[in-house]
Number of protein chains: 2
Amino acid sequence: MKNKELKEQRIKGYYIQAAKEILVGEGIKSLSVRSVSERAGYSYTTIYNYFEDLNDLIFYCVQDFYQECSDFVNGESKGTESGLTIIESKIMQYIKYFVNYPSVFELFFIERVVNFGNKIQTIELITDSLKNILQKDWDQLVAQKEMRQADVMKVQHRLQLTVTGLLLFYIHRRTPAEYGEFMRTAKQEIDAIIFPES
Amino acid sequence: MKNKELKEQRIKGYYIQAAKEILVGEGIKSLSVRSVSERAGYSYTTIYNYFEDLNDLIFYCVQDFYQECSDFVNGESKGTESGLTIIESKIMQYIKYFVNYPSVFELFFIERVVNFGNKIQTIELITDSLKNILQKDWDQLVAQKEMRQADVMKVQHRLQLTVTGLLLFYIHRRTPAEYGEFMRTAKQEIDAIIFPES
DNA sequence: AAATAAATTTAACACTGTTAATTTTTTTAA
DNA sequence: TTAAAAAAATTAACAGTGTTAAATTTATTT
């Protein structure tokens, strides 16, 4: 009976969609078993027939958001720019995604993750999301011998720390207060990492 | 009647002490109006006679922890080291403090702060805690003309982003998994920022 | 010692996540 | 097509959360 499984997947989709809408619209503080159930159109315990618990549902949202973020960054290929330049503009797109969806940033980097269990892979996927999303571009750079593999790894790590730090202070602590200044300093810091000589 | 005020301060102290013990021992997830009240020796609503709400109490803890962190970093002056070297070892002390008290890191950088109001100064104190705690050392460096003011500010900001990023991934996402590796890469990254030529 | 003020506690409310029992709906078998 | 079995969904309930209002106890003044 694959019909049954299809049905189950559809209903899970209703919950995931409802949860994503609440997360993007009102934030994780408004996401409760009751609120998501109501939006999905079910009573407040039916959800336990389809998800282990609320965290389980949230994990599906995280995977969806990761894909959205990746598409947002890699979607519009800027055409004929050089390697590091296109990487930089992609990093700025990555930053813009989380500025547009601060709840997703919270979900990825702030939210305390309990019940790791079988979700460790997803955790790693999102903590390394910047690296993962740009992996092809970095590989290409190495293949064209524009950078050495070891240097790429160092730069990847440095970018992860700095970009996450930038977003943490801007989204979570409103530092700096102005969007324009934030984007300016963000670009400066990224520049300093990927163009270390200048 | 200053006697009355003294009494009030003492009782507030009981609550703050109880809250700090819970935060350090069991983490913020275990800090509730009921748990802190029980440890302070009062019924579960007496707290509202001394604090606006639970967040108000937490803010007093934050200020205490900030002072503790500052003392931990500046307490043991390493004697006759040169400017940047002593700054680096102090930054490593700063990191060690939060590794020892991960709940304090959460309180400082992770916890969503509602009801800003009159607490904005405290927020700024802790988001700029690394800069604030080392300010004298930086000033001395400028006074001795070992660094220019503008460069100091750039390095301060870079350190803030990197150190917070490092702690976020290590404490919150267990990346890297090993303490030794974490401290090694932390020192590397700090080195790269404060000794940019090498 | 009696009246007043202050401090503390109990009761209650509206939330939260989650489990167990019950009811409704859907599927299978005759 | 109707009866039995299985599945799905719902209601009730529990233990927890923060917070307010009313009741009670304690302390201070007259």
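Just so it is clear: chains get the letters A, B, ... in the order the sequence lines come, proteins before strands, and each one is counted from 1. What you are looking at is a predicted structure, and each value in this text was computed from that prediction instead of being measured.
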From the list C:dG17, D:dA9, D:dT11, which nucleotide is the closest neighbour of the side chain of A:Thr45? D:dT11
Please determine, for the side chain of B:Asn49, which listed nucleotide (C:dT18, C:dT8, D:dT19) has the closest atom? C:dT8
Between B:Gln140 and B:Gln144: side-chain donor-acceptor atoms closer than 3.5 Å: yes
Closest to the B:Ser32 side chain: C:dG17, D:dA9, D:dG18? D:dG18
Which of C:dT26, C:dA7, C:dG17 is nearest the side chain of A:Leu54? It is C:dG17
May I have the distance from A:Leu6 (atom CG) to D:dA8 (atom P), rounded to whole angstrom? 13 Å
How many whole angstroms separate atom CZ of B:Phe51 from atom P of C:dT8? 12 Å
The nucleotide from C:dA11, C:dT8, D:dA8 with an atom nearest the side chain of B:Tyr44 is C:dA11
In terms of side-chain geometry, is the basic nitrogen of B:Asp151 or B:Arg148 positioned less than 4.0 Å from the acidic oxygen of its partner? yes
In terms of side-chain heavy atoms of A:Thr46, which of D:dT17, D:dT19, D:dT10 is nearest? D:dT10
Have B:Tyr44 and B:Ser32 got a donor and an acceptor in their side chains that come within less than 3.5 Å? no
So A:Tyr50, base contact, sugar-phosphate only, or nothing? Heavy-atom distance under 4.0 Å. sugar-phosphate
Hey, does the side-chain of B:Arg34 have a donor or acceptor N/O within less than 3.5 Å of a partner on the base of D:dG18? yes
From NZ of A:Lys7 across to P of D:dA8 the rounded distance in Å is 8 Å
First locate atom OH of A:Tyr101, then atom NZ of A:Lys20, and finally report the distance between them rounded to the nearest 0.5 Å. 10.0 Å
Between P of D:dT19 and CG of B:Leu57, the distance in whole Å: 11 Å
CG of B:Asp53 versus C1' of C:dC15: gap in Å, rounded? 16 Å
Whole-Å distance separating the CD atom of A:Glu38 from the C1' atom of C:dC15: 14 Å
Could you check which of C:dA11, C:dT19, C:dT9 has an atom nearest any side-chain atom of B:Tyr42? C:dT9
Whole-Å distance separating the OH atom of B:Tyr48 from the P atom of D:dA21: 12 Å
Heavy-atom nearest pair, A:Phe109 first then B:Leu168, reads O-CD1, 3.7 Å
Can you check the A:Ile28 CD1 to C:dT16 P distance for me, whole Å? 14 Å
